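The structure under discussion appears below in the form of structure tokens.
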Amino acid sequence: MTALARFENTIDGRTQPSASGRWFPTLNPYTGAAWAELPWCDGADADAAVEAAHRAFISGDWPAMTATARGKLLRHLGDLIARDAQALAEIEVRDNGKLLAEMVGQVRYIPEWFHYYGGLADKIEGAVIPSDKPQMFTYTRREPLGVVVAITPWNSPLLLLAWKLAPALAAGCTVVIKPSEFTSCSTLALMALIKEAGFPDGVVNTVTGFGAEIGAALVSHPKVAKIAFTGGDATGAAVYAQAAQQIKHVTLELGGKSANIIFDDAQIDDAVRGAISGIFAASGQTCIAGSRLLVQRRICDEVTSKLVAVARTAKLGDPMQATTQVGPITTQPQREKVLGYIDIARNEGATCLLGGRIPDAPGLAQGWFVEPTIFGGVSNDMRIAREEVFGPVLSIIPFDDEDEAVAIANDSIYGLAAGVWTGSIRRAITMPDRLRAGTVWVNTYRAVSYLAPFGGYKKSGIGRESGKAAIEEYLQTKTVWINLASSVPDPFVMR
Ligand code: NAD
């Protein structure tokens, strides 16, 4: 038996196994087999990583560096990621089973975040405050928060890390990364590029292992100033509660149950393609999945039959192959969860129009596949319409008019994203105003950019990633008062 590849953490600039010397396997969702091993970290490793990040924040080269020099490091890192994009993407596919074509595109896009925030690093400005007090000079400084713990999920490990790492470093913070235990390898591979780019030791550190074991050690560490978290809402709530004990800053990017709304004046074939990309791309494992498809009743049968016809032809298979359109589910427990929701939907009385099973095609048995699944006859009070499935399962919900579409779309604990398909300019402008979601797409779906703030309303999260807004999440304001008078006036009266 050949030994598995081993990836190591980087703490204080040194690659290393865990303090306990234990390892755990990472599995390939297409083969179901272990393909690499990772350090199984515990509280001792978490503490070492935070201490290293804290040292790097308060002493040494990093705090002494100009913002322009920081920006250059970030831009250099972006170039190195572009150079190694194919290799990083292949690692991600082995870990998360998403299509190589999608992951290569995603990793090739990641440098934009490092270039953009590299450019922003030396444009962080304080202000001189006009003074209402004579002989007083008052100004503000924008200062980094300190040590940031970045916790990422398994669906797009490097992209969602970049959304945190680039603005955090541009702001001057130092970082400890805790990637998902299911997909840590690409993050550990990225650390070699961070070293090559020239970041001082301790500025970026990694700790791999299980959230329940090391999450608390990281989140509650007194030297951590902020947690930037992407994951499920239950974990997010636990992180938020723990962070509150020490009044730490948080950004939470959580789940969704996004409504993708098709009006009867839409280009129906485009809308069908948008609905497919909203739910079957990445096997539905995206936080922005358009898992509730709201269709105006007059065109509901036509849209449904076109959707079923297109989805039926989706080619499931090896995510490394260019012809594959739908890959496996990333983890075995997640596949069980998806199949469980399919049973729940059937029991609730929804009609399974397509899929709903583990595929029996030859060559797929070893992987964690679920057929693209479409349910009709769904009402918005069913669990399949209310809870995040995070898999290739679409619920079609008919509506009569705009008011009803808005009411159904907004009747959710989540508010991450929404889609609107319409030929009406009036609707294209008024519908986004009425939808309670952090992102609304009109006649498109799943567009994101380093330039555009992204985040959730309601239980989908707190704070924004990407765009200028994101750097504010890693900064705090200090106000400085300088007395220019030659003497200090009456000490018993507030100035
Ligand atoms: P998860 O909540 O299970 O895990 C996310 C991360 O949190 C992992 O690294 C995990 O190890 C860690 N973790 C687990 N318990 C912890 C604890 N007690 N303390 C600290 N960290 C802990 O989520 P997942 O299953 O990896 O990812 C899927 C979820 O992520 C979905 O709900 C999806 O919607 C969400 N997501 C959101 C966005 C967004 O930008 N809003 C993007 C992608 C995924």
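On a predicted model such as this, the values are computed, not experimentally measured, just so you know. Starting from 1, each residue takes its place in the sequence as its number. Start at 1 and go down the list; that is how both ligands and their atoms are numbered. FYI, side chains are in, hydrogens and waters are out, and symmetry mates aren't considered; it's all heavy atoms of this structure.
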Donor + acceptor pair across side chains of Trp154, Thr331 (<3.5 Å) = no
Return yes when atom OH of Tyr240 has more than 12 non-hydrogen atoms of other residues, nucleotides or ligands closer than 6.0 Å, and no otherwise.
-> no
Near Lys468 NZ, under 6.0 Å, is it more than 12 heavy atoms from other residues, nucleotides or ligands?
-> no
Test: Lys226 cationic atom under 6.0 Å from Tyr474 six-membered ring centre, within 45° of axis = yes
Under 6.0 Å from the six-membered ring centre of Trp23 and within 45° of its axis: does the NZ or CZ of Arg6 meet both?
-> yes
Check ligand 1 for N or O atoms under 3.5 Å from a protein N or O and list each pair with its distance.
residue, atom, partner, partner atom, Å
ligand 1, 2 (O), Gly232, N, 2.8
ligand 1, 2 (O), Thr235, OG1, 2.7
ligand 1, 9 (O), Thr152, O, 2.8
ligand 1, 9 (O), Lys178, NZ, 3.1
ligand 1, 11 (O), Lys178, NZ, 2.7
ligand 1, 11 (O), Glu181, OE1, 2.5
ligand 1, 23 (O), Gly232, N, 3.3
ligand 1, 25 (O), Trp154, NE1, 2.9
ligand 1, 26 (O), Trp154, NE1, 3.3
ligand 1, 30 (O), Gly231, O, 3.3
ligand 1, 32 (O), Glu388, OE1, 2.6
ligand 1, 34 (O), Glu388, OE1, 3.4
ligand 1, 34 (O), Glu388, OE2, 2.5
ligand 1, 41 (N), Leu254, N, 3.3
ligand 1, 41 (N), Leu254, O, 2.7

Hey, do the aromatic rings of Tyr450 and Trp163 have their centres closer than 6.0 Å?
-> no
